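Owing to the predicted nature of the structure, the values given are computational and were not obtained by experimental measurement. Residue indices begin at 1 and follow the sequence shown.
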Amino acid sequence: MNLSPLPLEELTPLSRAADLLQLLERWVDRGWLRALDKAFVGFLYELDSQADPLVLLAAALTSHQLGHGHVCLDLFETLKAPDFALSLPPEGDQHIGAMLLPSQLLHGLDGAHWCHALASSQLVALAVDGSAAAQSRPLVLSGKRLYLRRYWAYERRIDNALRQRLASVESVADDLPQRLNRLFDQPAPDGVIDWQKLACALATRGAFSIVTGGPGTGKTTTVVRLLALLQAPAVESGSPLRIRLAAPTGKAAARLTESISQQVLSLTVAGNVREKIPTQVTTVHRLLGSRPGTRHFRHHLGNPLPLDVLVVDEASMIDLEMMANLLDALPAHARLILLGDKDQLASVEAGAVLGDLCRDAEAGWYSPHTRQWLQAVSGEDLSTSGLQEDLDGSHPLAQQVVMLRYSRRFGEGSGIGQLARWVNQQNAEEARQLLAARRHDDLFCVSLKGEHDHALERLVLDGQGEGAQGYRYYLNLLQSARPSLDTRRDDPAWTHWAQQLLQAFDAFQLLCAVRKGPWGVEGLNLRITAALRKVRLIEGDEQWYEGRPVLMTRNDYGLGLMNGDIGIALKLPESDGGPQVLRVAFARNDGQGGVRFVLPSRLNDVETVYAMTVHKSQGSEFTHTALILPDALNPVLTKELIYTGITRAKRWFSLIEPRAGVFEEAVRRKVKRLSGLMLELDAVPEETD
């Protein structure tokens, strides 16, 4: 395809703007842009019908990038390789025809000229311009980055809030070393630095801290001991701290509730201190008090949360907007502690806040003062850590970030752990060799011979590996463990049965990278449903049937169900002894245990979940996880997605490949979400270049 570049400067702004709007309409029709992106440009055109087409095009691309998780558009990076930087055309569009590509529209354009056009527009404010007129403009240019105003404001709010917290120095108990030693009374293995102990020490001295690490590195253990470390002196002084725990999803909140409840029982602290360490975890939305139908919350800058310490787990799933709202709602005196795996997929919405804030976590970059203080209070020798040293004070955030590095779940002999490490390091060749060698009984690889290869059905129904289970397991249990028909509806046996099935369903989960096509969630859920009907594990052709597993796709506060919750449809007797009625059993997320039964007619936002996307699986763990890749490279396929899929597995992991080579291509690709949230790299509050 050889199309000459469009001569932008030779056309009048009005006619060219109209031409651009027509082109954007065609991009929307082909799925290159969202209708929302086109509507935004139309709005700008109404505000300024004389707008430079370069400004409108930049606005369209900035909005498009938001849909791909980027907070802003980096103008110079875009010009280096426009089509690659913008993921246009979308994967799978093989019939571009006469459609103009971004690379053709931007051919020969100089970055400085593009910045000048934007800076001269009445639609664009400069980040350094604090005038009232500038504050009403819908676009913001900060150096070489273009933002929609709302997202630029979110970034500034986060940046300013974190700078204030990092500048705050908290008082530390005089006997901190002794308290640390009592809580960490089991020495780490020889030659292993106790990063959990260091994380607790660092978090006591600051109003903001981050504990990051992969699966099994002890993030929950660390935070429980940290809460004991903070709460004990407060209880002893007669003023216990108000501590709250939160997570982005109901599933993550339920998992953390269960884990923390167990950890608190094992703490070597006084009973009155243990009583003041909470075990109930809520969702971030519920903590802030979401207002249905709006972007606003009950708690905000003018009505802060009534707490002294806030712990947020699975922080990688928190997007830019939510983090800004969360920081707004924190009282000035409160501590914020973020937990999460920096290498996991970022949030579905725009921003990769935890990833941005943890850019230095691997290297460390502790200052000499931080190193000396840590060694003094913890007794750990950091001279063998291999960490970089910050000699000039250019990494202020890094002083409050600790990366846990020793996995107790995936040790050196774990195939899953080794595979996750190779993928995380983007070493596709070593990862492939590990899968091909078949030396580990927790790793499997299935190469499908075409779209209709029944090896997929065999794996999904019966699992793989000695002791592994597929979906046949929970469906067989549904029949074999069912209470007798004469059991009363209020008998605890029905609740116990439902709990058994929900736990059994977690024995296996098929994860997908995409939603559409034969290897996506939609097609695979239909295929697996048909396979289960064929072997009579499920009955009937209706949408709702006994045994149907469903996933909540939106929060429903009226029902107490959160996005990501999984339920199973079961036949239960009516209280009056009438015929059995289908109800959907969900595990309660309120920390009290038990099951909530809901009529299917009340569930508006659910989908069948024999297959789910990797994004939806975040915050969950499954005994056996199978990840199926599409047969062609897709923009969502990255090492972060593969790593997240692998680390959902507790005991077995299976990789299912419809086409060879896609796995390696995905591992070599890394998510690079654009943002300006770089506290650890730049101590200057705002760019002026």
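Using a 4.5 Å heavy-atom cutoff, the side chains of Ser266 and Gln263 are in contact. Looking at Glu389 and Pro368, their side chains come closer than 4.5 Å, going by heavy atoms from C-beta outward. Counting only heavy atoms from C-beta outward, the side chains of Tyr643 and Asp341 approach each other to under 4.5 Å. With a 4.5 Å cut-off on side-chain heavy atoms, Val284 and Val312 count as touching. Taking the side chain as every heavy atom from C-beta outward, Val550 and Val609 never approach each other to under 4.5 Å. Contact check for Leu502 versus Phe586: no side-chain heavy atoms found under the 4.5 Å cut-off. Contact annotation: the side chain of Leu256 never approaches that of Val311 to less than 4.5 Å [non-hydrogen atoms, C-beta and beyond]. In this structure, Leu47 and Pro138 have side chains that are in contact, with non-hydrogen atoms separated by less than 4.5 Å.
Separating the OG atom in Ser385 from the CD atom in Glu380 is a distance of 11.0 Å, to the nearest 0.5 Å. One distance of note links CG of Asn325 with CG of Asp319; it measures 9.0 Å at 0.5 Å rounding. The structure places CG of Leu561 at 11.5 Å from OG1 of Thr553, a figure rounded to the nearest 0.5 Å. If you take CG on Leu198 and OG1 on Thr370, they are separated by 11.5 Å, rounding to the nearest 0.5 Å. With values rounded to the nearest 0.5 angstrom, Thr217 atom OG1 is found 4.0 Å from Lys219 atom NZ. Separation of atoms CG (Leu180) and CG (Asp194) is listed at 9.5 Å; rounding is to 0.5 Å.
The residues Arg145 and Asp74 are annotated as not salt-bridged, no charged nitrogen and carboxylate oxygen being separated by less than 4.0 angstrom. Under the 4.0 Å criterion applied to side-chain N and carboxylate O atoms, Asp356 and Arg359 are assigned as salt-bridge partners. Ionic pairing of Arg335 and Asp308 is not present here: no N-O contact between side-chain nitrogen and carboxylate oxygen is shorter than 4.0 angstrom. Under the 4.0 Å criterion applied to side-chain N and carboxylate O atoms, Glu236 and Arg179 are assigned as salt-bridge partners.
The number of heavy atoms from other shown groups lying within 6.0 Å of NZ (Lys276) does not exceed 12. Residue-environment remark: NE2 (His333) exceeds the threshold of 12 foreign heavy atoms within 6.0 Å. Atom CG of Asp174 sits in a sparse spot, with 12 or fewer heavy atoms from other residues, nucleotides or ligands closer than 6.0 Å. The number of heavy atoms from other shown groups lying within 6.0 Å of CZ (Arg405) is above 12. Sparse packing is recorded around CD of Glu258, with 12 or fewer heavy atoms of other residues, nucleotides or ligands lying under 6.0 Å away.
Formation of a donor-acceptor pair under 3.5 Å by the Asn160 side chain with backbone atoms of Arg156 is found in this model. Side-chain atoms of Gln399 come within 3.5 Å of backbone atoms of Ser367 as a donor-acceptor pair (strictly under, hydrogens ignored). Listed for the Ser290 side chain is no donor-acceptor partner under 3.5 Å among the backbone atoms of Arg286. With Arg596 contributing its side chain and Leu559 its backbone, the two residues share a donor-acceptor pair below 3.5 Å. Asp313 places no side-chain N or O within 3.5 Å of a backbone atom of Ala252 that could act as its donor or acceptor partner. Side chain of Gln400 to main chain of Phe208: a donor-acceptor pair is present (N/O by atom type, distance under 3.5 Å, no hydrogens or angles). Looking only at distances, a side-chain donor or acceptor of Ser617 sits under 3.5 Å from a matching main-chain atom of Val614. In this structure, Lys639 contributes its side chain and Lys670 its backbone to no donor-acceptor pair below 3.5 Å. Between the side chain of Arg149 and the main chain of Gln135, a donor-acceptor pair closer than 3.5 Å is present. Of the possible donor and acceptor atoms, one in the side chain of Thr212 sits under 3.5 Å from a partner among the backbone N and O of Lys342.
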Determine, stepwise, if the pair Gln388 / Glu362 fulfils side chain to side chain contact (heavy atoms under 4.5 Å, CB included). CA-CA 9 Å; Gln388 301 293 323; Glu362 193 98 32; over 6 Å; no
Please test Val273 against Leu267 for side chain to side chain contact (heavy atoms under 4.5 Å, CB included), starting from the C-alpha separation and ending with a verdict. CA-CA 10 Å; Val273 173; Leu267 279 174; over 6 Å; no
Run the side chain to side chain contact (heavy atoms under 4.5 Å, CB included) check on Ile210 and Leu357 step by step: do they pass? CA-CA 9 Å; Ile210 298 175; Leu357 299 180; 3.7 Å; yes
Quick one, Leu339 with Ile337, criterion side chain to side chain contact (heavy atoms under 4.5 Å, CB included). Give me CA distance, side-chain angles, the key distance, then yes/no. CA-CA 7 Å; Leu339 306 179; Ile337 301 151; 4.3 Å; yes
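Aromatic ring centres of His296 and His300 lie farther apart than the 6.0 Å criterion allows.
Scanning both residues, Asp343 and Glu640, for their nearest heavy atoms gives O-CG, 3.7 Å. A pairwise comparison of heavy atoms in Leu245 and Pro278 identifies CD1-O, 3.4 Å as the closest pair. Here the shortest heavy-atom pairing between Leu226 and Ala203 reads CD2-CB, 3.5 Å. Residues Pro331 and Leu305 come closest through the heavy atom pair CG-O, 3.0 Å. Listed here is the closest heavy atom pair of Thr204 and Val172: O-CG2, 4.0 Å. Pro177 and Ala376 make their closest contact through CG-O, 4.4 Å (heavy atoms, listed as atom of the first residue, atom of the second, distance).
Judged purely by distance below 3.5 Å, without hydrogens or angles, the side chains of Glu314 and Ser316 never pair a donor atom with an acceptor atom.
For the pair Arg225 and Phe184, the cation sits on the ring face: its NZ or CZ lies under 6.0 Å from the ring centre, inside 45° of the axis.
Aromatic ring orientation, His64 versus His68: tilted (interplanar angle from 30° to 60°). Relative ring orientation between His395 and Trp365 is described as parallel, the plane-to-plane angle staying below 30° on a 0-90° scale split at 30° and 60°.
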